[in-house]
Amino acid sequence: MVVARHRPTKAIIDIAAITENIQNERKRLANDTALFAVVKANGYGHGAVETAQAAAAGGAAGFCVATIDEGIELREAGITAPILLLGVVAVTDIALLATYDFSFPVASQEWLSDAEHYLSDMSLPRPLRAHIKVDTGMGRIGFLDAQAVAQAASWLDQHPAFEWEGIFTHFSTADQADTVYWQQQHLFFQEVLTALPHLPTYIHTGNSATALWHEQAVGNMIRYGIAMYGLNPSGHALEAPIPLKPALSLVSTLIQVKLLEKGAGIGYGETYITPQQEWIGTVPIGYADGWLRKMQGFSVLVEGVYCEIVGRVCMDQLMIRLPQAFPVGTTVTLIGENNGERITMQDVADQLGTIHYEVACTLSARVPREYKS
Ligand SMILES: Cc1ncc(COP(=O)(O)O)c(C=O)c1O
């Protein structure tokens, strides 16, 4: 998708906020606990390379991404710090793990056997850095029992093509007030560790929520994602113990302003009809930018005034009801602060009935990201 640079709609990313969010978490961690910044999915929509650099400035020792290609993007940008992939890699891509020096999850014995078979006549420049993934109750990827984990650990110890670098899990309810299921998962992970012949370099359980609300259980590395972008992982449920500064604003401008008579239909399907004479403004952002049709009825900010989105959101544009005539070119804030008023990504998520993670990731590649420090 082409980036629409010749259009006033843009996401503004506050690089300093990301650095500060990382620094605030770094201060809470033990000195020997590494912070890996999670910059998958284009840095949760904020831009992978730029946010990785901002996180490094705040004390991130490494990065997590979901896919090989996301890792390659960081390497090609000159990032030499450790990179851990979070998703299972096809064994046929194993050579890339060595070429780019990626750490990666081992989630089953079957994968190890396949890898051994595939590697049989291949020589690699360095041992492959394996992190055993334990499924403590997410039901996603990973080993399900302690014995199988211990076997995989021994297998890795016996295979010089591999370095057993880490063991980890991902808790599914660390962001909730009710900790019963979290305790079960935590306990199971401890049992798994106890059954091991020895421990690898990295033991890690912590996403942002675990790091913020269960810091005693993170091991010696955290995988810090959403909180580095200044967003509370729990939504409304729990208060974060440190300030989280939102890094992303979404802005545009009015591209047309018109006075419509009572009874005018607005947008596809005529779902809004002006009940009286009204000023209507058009804003160049739509569902192709990730501003979805469900945003109809929500508000944006113009000169500090909340203005309702009226009529259906189109692919590239939307219409808002203005309290008065504002000049074309006036700033429209969709996320962020405008004249003392603020719309948060959480507000947008609430409107959509989803989580802010999804809002951030849904902002499409067409929206330019502009970085300010
Ligand atoms: C395995 C794993 N670790 C860490 C994270 C980061 O989570 P968060 O953004 O909640 O900090 C994710 C995110 O989805 C993940 O899948």
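For the numbers below, each heavy atom of this structure counts, side chains included, while hydrogens, waters and symmetry mates do not. Order of appearance sets the numbers: ligands from 1, and atoms from 1 within every ligand. Bear in mind the structure is a predicted one, so any value in this text is a computation, not a measurement.
For atom 4 (C) of ligand 1, the closest heavy atom belonging to the protein is Arg223 NE, 3.5 Å. Closest protein heavy atom to atom 5 (C) of ligand 1: His170 CE1, 3.9 Å. Counting protein heavy atoms only, atom 6 (C) of ligand 1 is closest to Tyr44 OH, 3.4 Å. Among protein heavy atoms, the minimum distance from atom 7 (O) of ligand 1 is reached at Asn207 CB, 3.4 Å.
Each of the atoms 8 (P), 9 (O), 10 (O), 11 (O) of ligand 1 lies under 4.0 Å from some heavy atom of Ile226. Near Arg140, meaning under 4.0 Å from one of its heavy atoms, ligand 1 places the atoms 1 (C), 16 (O). Taking every heavy atom of Tyr357 and a limit of under 4.0 angstrom, the matching atoms of ligand 1 come to 8 (P), 9 (O), 10 (O). Proximity to Ser208 (heavy-atom distance under 4.0 Å) selects the following atoms of ligand 1: 8 (P), 11 (O).
At a threshold of 4.5 Å between non-hydrogen side-chain atoms, the residues Arg293 and Met295 do not count as touching.
Donor-acceptor pairing under 3.5 Å is lacking for the side chains of Gln176 and Ser234.
The shell of residues lying under 4.0 angstrom from ligand 1, judged by heavy atoms, includes Lys40.
Around atom NE2 of His198, more than 12 heavy atoms belonging to other residues, nucleotides or ligands sit under 6.0 Å away.
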Side-chain donor/acceptor pairs under 3.5 Å, residues 318-331, sequence neighbours excluded:
residue	atom	partner	partner atom	Å
Arg321	NH1	Tyr272	OH	2.9
Arg321	NH2	Glu308	OE1	3.0
Thr330	OG1	Pro327	O	2.5

Verify ring-ring contact (aromatic ring centres under 6.0 Å, His included) between Phe102 and Tyr100, making sure each step is shown before the conclusion. CA-CA 6 Å; Phe102 295 147; Tyr100 290 98; 5.6 Å; yes
Is there a ring-ring contact (aromatic ring centres under 6.0 Å, His included) between Phe63 and Phe36? Walk through the geometry before answering. CA-CA 5 Å; Phe63 303 100; Phe36 275 45; 7.6 Å; no
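At least one N or O atom of Gly225 sits closer than 3.5 Å to an N or O atom of ligand 1.
Residues satisfying the salt bridge (Lys or Arg N to Asp or Glu O under 4.0 Å) criterion with Glu163, sequence neighbours excluded, are Arg129.
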